[in-house]
Amino acid sequence: SGNSLPPSLTSSGSSILIRFTTDHSVVAAGWSANYVTNSGGGSKGENVEVSKSRIEVPGISDLIVYPNPTSGLLTVESPDKDEKVYTINLINSSGQVVLNKTYTVIGGKFEIDLSGVSDGFYLLQIRTNLTIQFIRIVKN
């Protein structure tokens, strides 16, 4: 966590597990990891790069949600105008899902009715089949 890169990691065995976790305080388009291996038998302990990988986890970076704060009706807009299925979860400050809905959208715009939800701070989780985004919402 934080703003700095993690240190280089070295495994003394034949594998390594790296677990990525997040607290949802920052929503970004993804992350990447590169690795090298010395399985090619470098001389004098030198690493020989025989494998390199880039892993990316996409996000929904262009969603616009408004008005925020809201008194009831929340609009979600995407530049993607193709048909897409969005699943939303509204999560309260205790971590409970207080609203769960699925929307099939053509044209990139849909509305979420929060009029039946108590005033307070929420985390809106928006998922598609490939992506997930979290947005802080204030209902008043």
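No hydrogens, no waters, no symmetry mates; every other heavy atom, side chains included, goes into these values.
- For the pair Y122/V117, a side-chain contact is recorded, criterion being any heavy-atom separation below 4.5 Å from C-beta on.
- Every side chain to side chain contact (heavy atoms under 4.5 Å, CB included) that T102 has, sequence neighbours left out, goes to V85, T87.
- Taking CD of Q133 as the reference point, atom CD of Q125 lies at 11.0 Å (rounded to 0.5 Å).
- In this structure Y103 satisfies the ring-ring contact (aromatic ring centres under 6.0 Å, His included) test together with F110, sequence neighbours excluded.
- The closest donor-acceptor contact from the side chain of K84 to the backbone of T128 lies at 3.5 Å or more, if one exists at all.
- Going from atom CG of L114 over to atom CG of D119 covers 10.5 Å, rounded to the nearest 0.5 Å.
- A side-chain donor-acceptor contact under 3.5 Å links S78 to the backbone of D80.
- At least one side-chain heavy atom of I112 sits under 4.5 Å from a side-chain heavy atom of L124.
- V97 and I132 fall within a single hydrophobic cluster, where Ile, Leu, Val, Met, Phe, Trp and Tyr are joined by side-chain heavy atoms under 4.5 Å apart, directly or via other members.
- In this model, a donor atom of one side chain and an acceptor atom of the other lie less than 3.5 Å apart for N100 and N89.
- Here the side chains of V76 and I88 are not in contact, with every heavy-atom distance at 4.5 Å or above.
- Checking S115 against D113 by side-chain atom types alone, a donor-acceptor pair falls below 3.5 Å.
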Residues 66-75 side chain polar contacts: donor-acceptor under 3.5 Å, at least two apart:
residue, atom, partner, partner atom, Å
Y66, OH, E77, OE2, 2.4
N68, OD1, V138, N, 3.0
N68, ND2, R136, O, 2.8
T70, OG1, G72, N, 3.1
T70, OG1, L73, O, 3.1

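- By the neighbour-count criterion of 12 heavy atoms within 6.0 Å, atom NZ of K81 is densely surrounded, having more than that number from other residues, nucleotides or ligands.
- Distance check: L123 CG to I126 CD1 gives 10.0 Å after rounding to the nearest 0.5 Å.
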